[in-house]
Amino acid sequence: MSDRSEQRLDPWSDSLSEEAFAAVLPPDFTAFYALHHRPYLLYACAQLGTRADAEWVVEEVFGQLASCWTEVLRQPNVAAYALATLKEETAKVLAARGRPLALVETAAFADVRAGTRDRLLRLESDLGLYSAITRLPDRQYDVVVLRYVLGYPVRQVAEIMGLTPATVRSHVRGARRRLARELGIAWTVDEEE
């Protein structure tokens with residue numbers, strides 16, 4: 001029995017089966033889902049601290065988007081609207097559980113998991129950095145999380161957030177200046193920006 005409705009998708013894999021959605025959802029929604037699902041999972045997990053909460057929030061968000069997709073397409077910026085929906089749902093879960101953002105702990109754990117001795121030695125100072133990141137303005141925070149914590153390139157961060165690459169680079173520069181000032185370190189412009 002190979003009924004498509006009984007197939008289970010691995011939302012954490014890099015390759016999602018678009019065929020599972022194509023039969024019932026509009027092609028533009030399916031494409032949006034394929035492009036944003038994994039980044040949304042990683043973003044939500046960094047905020048919430050657990051895979052289960054992240055999966056629930058992201059599926060809730062895509063369910064909401066699918067149910068009013070025609071209206072979503074009328075928004076001036078579909079990606080920005082969808083990311084705002086993700087952030088709202090994430091905030092609701094955090095509030096319901098009485099928890100703060102988990103970024104400090106999840107980013108620190110990712111450093112430890114990466115396993116290098118150098119990172120372990122820097123962990124204590126990194127905690128100050130992650131705490132400072134949580135105090136950035138919303139757009140700068142999102143750009144830093146997507147770019148540096150989750151490791152997406154500038155162009156993909158721009159697509160995820162519905163911004164231009166130049167705007168992403170501008171937010172990165174602003175965030176780096178602010179973080180440098182708050183952490184008392186010298187800020188220099190690098191070529192990557």
Side-chain angles (χ1 to χ4, degrees), residues 9-18 20-21 24-107 109-110 130 133-165 167-172 174-175:
L9 298 177
D10 178 4
W12 296 93
S13 72
D14 284 327
S15 59
L16 294 173
S17 171
E18 292 180 30
F21 303 106
V24 292
L25 295 170
D28 48 2
F29 179 82
T30 302
F32 185 85
Y33 180 95
L35 181 66
H36 291 85
H37 189 260
R38 182 169 172 79
Y40 281 18
L41 277 172
L42 296 172
Y43 181 89
C45 194
Q47 308 311 306
L48 298 167
T50 71
R51 182 175 172 159
D53 284 346
E55 287 174 344
W56 186 87
V57 164
V58 170
E59 295 313 314
E60 178 70 20
V61 166
F62 278 107
Q64 288 177 25
L65 295 173
S67 70
C68 61
W69 187 243
T70 304
E71 182 62 31
V72 171
L73 290 176
R74 290 189 192 119
Q75 299 301 314
N77 188 324
V78 171
Y81 179 85
L83 183 62
T85 304
L86 175 65
K87 291 175 68 172
E88 287 173 20
E89 289 303 315
T90 300
K92 287 179 189 175
V93 169
L94 289 170
R97 292 189 177 39
R99 290 187 351 222
L101 282 176
L103 178 70
V104 175
E105 292 81 16
T106 56
F109 180 71
Y130 297 136
I133 290 170
T134 65
R135 293 187 293 274
L136 289 171
D138 279 348
R139 285 256 175 116
Q140 289 179 359
Y141 172 83
D142 291 338
V143 165
V144 168
V145 169
L146 290 166
R147 177 75 182 101
Y148 296 105
V149 177
L150 300 178
Y152 286 103
V154 169
R155 185 170 303 284
Q156 195 166 0
V157 172
E159 289 171 1
I160 291 167
M161 293 184 66
L163 303 172
T164 65
T167 302
V168 169
R169 287 188 294 274
S170 174
H171 286 307
V172 165

What is the minimum heavy-atom distance between Val144 and Ile133, and which atoms define it?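 That would be CG1-CD1, 3.8 Å.
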Write down the atom of Ala44, the atom of Leu86, and the distance for their closest heavy-atom approach.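 Nearest heavy atoms, Ala44 then Leu86: CB-CD1, 4.4 Å.
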Report the residues that fulfil side chain to side chain donor-acceptor pair (under 3.5 Å) with Glu89, sequence neighbours left out, ordered by chain and then residue number.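 Partners of Glu89 under the side chain to side chain donor-acceptor pair (under 3.5 Å) test: Gln64, Lys92.
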Going through the checks in order, is the side chain to side chain contact (heavy atoms under 4.5 Å, CB included) test met by Glu59 and His37? CA-CA 9 Å; Glu59 295 313 314; His37 189 260; 2.7 Å; yes
Contacts of Phe32 that satisfy ring-ring contact (aromatic ring centres under 6.0 Å, His included) - sequence neighbours left out: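 With neighbours one apart ignored, the set is His36, Trp69.
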Atom [atom1] in [X], atom [atom2] in [Y]: separation rounded to 0.5 Å?
| X | Y | atom1 | atom2 | result |
| --- | --- | --- | --- | --- |
| Leu83 | Arg139 | CG | CZ | 9.0 Å |
| Phe62 | Leu41 | CZ | CG | 8.0 Å |
| Glu71 | Tyr81 | CD | OH | 7.0 Å |
| Glu55 | Leu48 | CD | CG | 11.5 Å |

Residue pair [X] / [Y], side-chain heavy-atom distance below 4.5 Å:
| X | Y | value |
| --- | --- | --- |
| Arg97 | Asp53 | yes |
| Val172 | Tyr148 | yes |
| Ile160 | Tyr40 | yes |
| Val93 | Glu60 | no |

Taking Asn77 for the side chain and Gly162 for the main chain, is one N or O donor matched with an acceptor at less than 3.5 Å?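 The answer is yes, because a donor-acceptor pair under 3.5 Å joins these two groups.
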Take the angle between the ring planes of Tyr43 and Tyr141 and call it parallel below 30°, perpendicular above 60°, tilted in between.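 Judged by the thresholds at 30° and 60°, the geometry between Tyr43 and Tyr141 is perpendicular.
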Could you walk me through whether Val57 and Gln47 pass the side chain to side chain contact (heavy atoms under 4.5 Å, CB included) check? CA-CA 11 Å; Val57 164; Gln47 308 311 306; over 6 Å; no
Summary of side chain to side chain donor-acceptor pair (under 3.5 Å) pairs that have at least one residue in residues 150-165, sequence neighbours excluded: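 Residue pairs with at least one partner in residues 150-165: Thr164-Thr167.
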